[in-house]
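The structure appears right after this line, and notes come after that.
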Amino acid sequence: MTTQMARETAEQPESLQHTIEALLDTPETLDALGALFTGRRRVLFAARGTSDNAAVYGRYLLETQAGVLGGLASPSVATHYRADLDLRDTVLVSVSQSGRTEEIVETQRWGRGRGAATVAITNGADSPLAQEADVALVTQAGDELAVPATKSYTAQLVGMVLLSMAALRQNGDLAAAAALEDQLRRAPAQAARILQARAGVDLAVETLGSHTTTVVTGRGLLMGTALETALKIEETCLRPVRGYSYADLRHGPIAAVGEGVAAVVHAAADGPLSTPMVQLAQDLADRGATVIGVGGSAEFQRAVGVHVPGAELPETLAPLVNIIPMQLVVEQLSRSLGLSPDAPQGLAKVTRTDA
C-alpha cells in the first residue's frame, strides 16, 4: 500500500515547478523583496524543525552568493524574553509550512514592532504569517497531509533562492541573479530524474536498517540537507540520530565513530567543499563506519560504501534535490521497521509550543 508520504514525495517535480513559476513569473515579487533590502544589511530567519533546516540553507546561500549577513533567530528571545532589540537594519524571514505556528507568528509580529522588514515563506496563503508579512512568498506545494514534511520543505528552499536573487538584483549583480534563476529552473527535471531512478535507495535502506547507530553530516550549502536527513530518520523511524556539520564532527564526535556506525555524508559535485567531503568519507570508512554518500563527485562516489546519486546541479542549487533520495530512503525504512511514516508517534502537522 502506498503511503501518503510516498505520494507527496513523488509530487515534488510538480510542486517545485509550480512554486518556481508562481514566484519567478511575477516580477513584482522580486521587486518588492529587493526593496526590503534597501538600507538593511542583515537577515534573520525564524523557524522551527524542518523549516529551520530550510533556513540554514537560506543563510548559507545569502552569505556565499549575495554577500548578505544571515543568522538564525531564537524565537524565545521574542516570545519569552521579549527583548527590545533594534531591528531597523534587518529583514526578518519567518518560515512555516502552515503559517500558523504560533511561536513563529508571534516572532514575526515582535520583529515588525522593532523595525524589521518582514518576509513570510509559507504554504498557507491565508495564514496569519502570510497575511501580516510585508512580502509573502507563498509556495505551491498543495495540501501536505503526511506529518513528515517533504514537498513543502523543497518548496521552501525555492523561496530561499528567491531571497538571494532579490538581494543580488538589489546589489546590481543582475548576471549572478540570472544565473541562479537559470539553474533554479532545472531543479524540477532533476527531481523527476531522481524519483524515477531510485538509484541506491534499496541498499541505503538495507544498510541503515542493519545499523543501530547513525550519524549524518554535511557542510556549507548542504548543511541544512544533512540536518533535515537526520531529523527525518529520527522522527519517522524512531531512531536516535545525530546531525553534525563536517567541522563539528571532526572536533571530537568522530572519535566515537567506528564499527557498527552508519554515516550518511552529503556532498556536492563541485564547490570548495567537494574535496574535503571526500577526505571525510575516507576517514570515516577507515574508522570502520559504513559510509552512505549522497551526491558528490566521482571521487566521492568511489570513497563511500553505498552511493545514492544526487542532483546534476551546482552546489548552490543541489539542496533542492539532494534531500529527495533520502526522503525515499526514510519512507521505505520506516515501513520496513513496521512503523507508519505518515503519522510518526507523538507528532502533529502544526507545531505548537508554549509561546
Side-chain angles (χ1 to χ4, degrees), residues 12 16 45 47 50-66 70 72 95 149-150 153-161 163-164 180 183-184 186-187 190-191 194 200 204 214-233 241-250 253-254 262-284 291-301 303-304 306-330:
Q12 285 175 111
L16 287 168
F45 294 92
T50 285
S51 297
D52 208 27
N53 298 331
V56 170
Y57 168 63
R59 175 190 176 184
Y60 275 106
L61 194 64
L62 275 171
E63 292 187 340
T64 62
Q65 305 304 304
L72 304 180
V95 194
T150 52
Y153 170 73
T154 50
Q156 286 175 346
L157 300 186
V158 175
M160 301 301 170
V161 180
L163 281 173
S164 289
L180 207 54
Q183 294 159 1
L184 177 60
R186 294 173 51 203
Q190 289 293 310
I194 293 290
T214 302
V215 297
V216 185
T217 187
R219 197 174 185 186
L221 286 155
L222 282 159
M223 183 62 214
T225 310
L227 295 175
E228 176 63 7
T229 296
L231 176 62
K232 282 293 171 286
I233 296 172
V241 179
R242 292 299 304 270
Y244 295 100
S245 78
Y246 163 104
D248 288 338
L249 181 60
R250 284 210 177 277
I254 198 170
V264 180
V265 182
H266 280 277
D270 66 350
L273 291 169
S274 59
T275 297
M277 297 312 291
V278 172
Q279 295 167 347
L280 176 63
Q282 292 170 336
D283 194 1
L284 291 170
V291 181
I292 301 170
V294 185
S297 63
E299 187 180 5
F300 178 77
Q301 181 176 346
V304 302
V306 177
H307 185 248
V308 181
E312 295 175 1
L313 290 169
E315 181 190 24
T316 48
L317 274 296
L320 274 73
V321 177
N322 280 23
I323 188 60
I324 294 177
M326 290 311 297
Q327 292 169 347
L328 295 173
V329 168
V330 167

(request) Before giving the answer on side chain to side chain contact (heavy atoms under 4.5 Å, CB included), spell out for Phe300 and Val265 the whole-Å C-alpha distance, their side-chain angles and the decisive distance to 0.1 Å. (result) CA-CA 10 Å; Phe300 178 77; Val265 182; 3.8 Å; yes
(request) Walk me through it: do Val306 and Val291 pass the test side chain to side chain contact (heavy atoms under 4.5 Å, CB included)? (result) CA-CA 6 Å; Val306 177; Val291 181; over 6 Å; no
(message) side chain to side chain contact (heavy atoms under 4.5 Å, CB included) for Thr214 and Arg242? Distances and angles first, verdict last.
(response) CA-CA 7 Å; Thr214 302; Arg242 292 299 304 270; over 6 Å; no
(message) Before you tell me yes or no, could you show the steps for Leu62 and Phe45 under side chain to side chain contact (heavy atoms under 4.5 Å, CB included), namely the whole-Å CA-CA distance, both residues' side-chain angles and the distance that decides it to 0.1 Å?
(response) CA-CA 11 Å; Leu62 275 171; Phe45 294 92; 3.7 Å; yes
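If you check the side chains of Ser51 and Gln156, you find a donor sitting under 3.5 Å from an acceptor. Between the side chains of Lys232 and Thr150, no donor-acceptor pair is found at a separation under 3.5 Å. Gln12 and Thr154 are linked by a side-chain donor-acceptor pair at a separation below 3.5 angstrom, with hydrogens and angles left out of the test.
A distance of 7.0 Å separates CG of Asn322 from CD1 of Ile194, quoted to the nearest 0.5 Å. For the atom pair CG of Leu157 and CG of Leu61, the computed distance is 9.5 Å after rounding to the nearest 0.5 Å. With rounding to the nearest 0.5 angstrom, the CZ atom of Arg186 is 5.0 Å from the CG atom of Leu313. Leu320 CG to Leu184 CG: the interatomic distance, rounded to the nearest 0.5 Å, is 6.5 Å. Here the CE-CG distance, from Met277 to Leu222, works out to 8.0 Å after rounding to the nearest 0.5 Å.
The minimum heavy-atom distance between Val321 and Ala187, with the atom names listed, is CG2-O, 3.8 Å. Of all heavy-atom pairs between His307 and Gly295, the closest is NE2-O, 2.8 Å. Nearest heavy-atom pair, Val308 versus Gly200, reported as atom, atom and distance to 0.1 Å: CG2-O, 3.8 Å. What you find for Gln282 and Ala303 is that their closest heavy atoms are CG-CB, 3.7 Å. Of all heavy-atom pairs spanning Ala226 and Val216, the tightest one is O-CG1, 3.4 Å. Nearest heavy atoms, Ser164 versus Ala66: O-CB, 4.0 Å.
In this structure a side-chain-to-backbone donor-acceptor pair under 3.5 Å is present from Tyr57 to Thr316. Under the 3.5 Å distance criterion, the side-chain polar atoms of Ser274 are matched with a main-chain donor or acceptor of Gly271. Counting only distance, with no hydrogens or angles, the side chain of Glu63 and the backbone of Gly70 share a donor-acceptor pair below 3.5 Å. Glu228 places no side-chain N or O within donor-acceptor distance of the main-chain N or O of Asn53, the cut-off being under 3.5 Å.
The stretch residues 272-284 participates, sequence neighbours left out, in these salt bridge (Lys or Arg N to Asp or Glu O under 4.0 Å) pairs: Arg250-Asp283, Asp283-Arg287.
You'll find the side chain of Val215 stays beyond 4.5 Å of the side chain of Val264, heavy atoms only. For the pair Arg59/Val56, no side-chain contact is recorded, criterion being any heavy-atom separation below 4.5 Å from C-beta on. Side-chain contact check for Ser297 versus Asp270: every heavy-atom pair is 4.5 Å or farther apart. Side-chain atoms of Ile292 and Val304, non-hydrogen and from C-beta on, never get closer than 4.5 Å to each other. With contacts defined as side-chain heavy-atom distances shorter than 4.5 Å, the pair Pro276/Arg219 does not qualify. Looking at heavy atoms from C-beta onward, Leu317 lies in side-chain contact with Leu180 at the 4.5 angstrom threshold.
Checking each of Leu227, Thr225, Leu221 against His266 for a side chain to side chain contact (heavy atoms under 4.5 Å, CB included) leaves exactly one that passes, namely Thr225.
For Glu299, the CD atom counts as loosely surrounded, since its 6.0 Å shell holds 12 or fewer non-hydrogen atoms of other residues, nucleotides or ligands.
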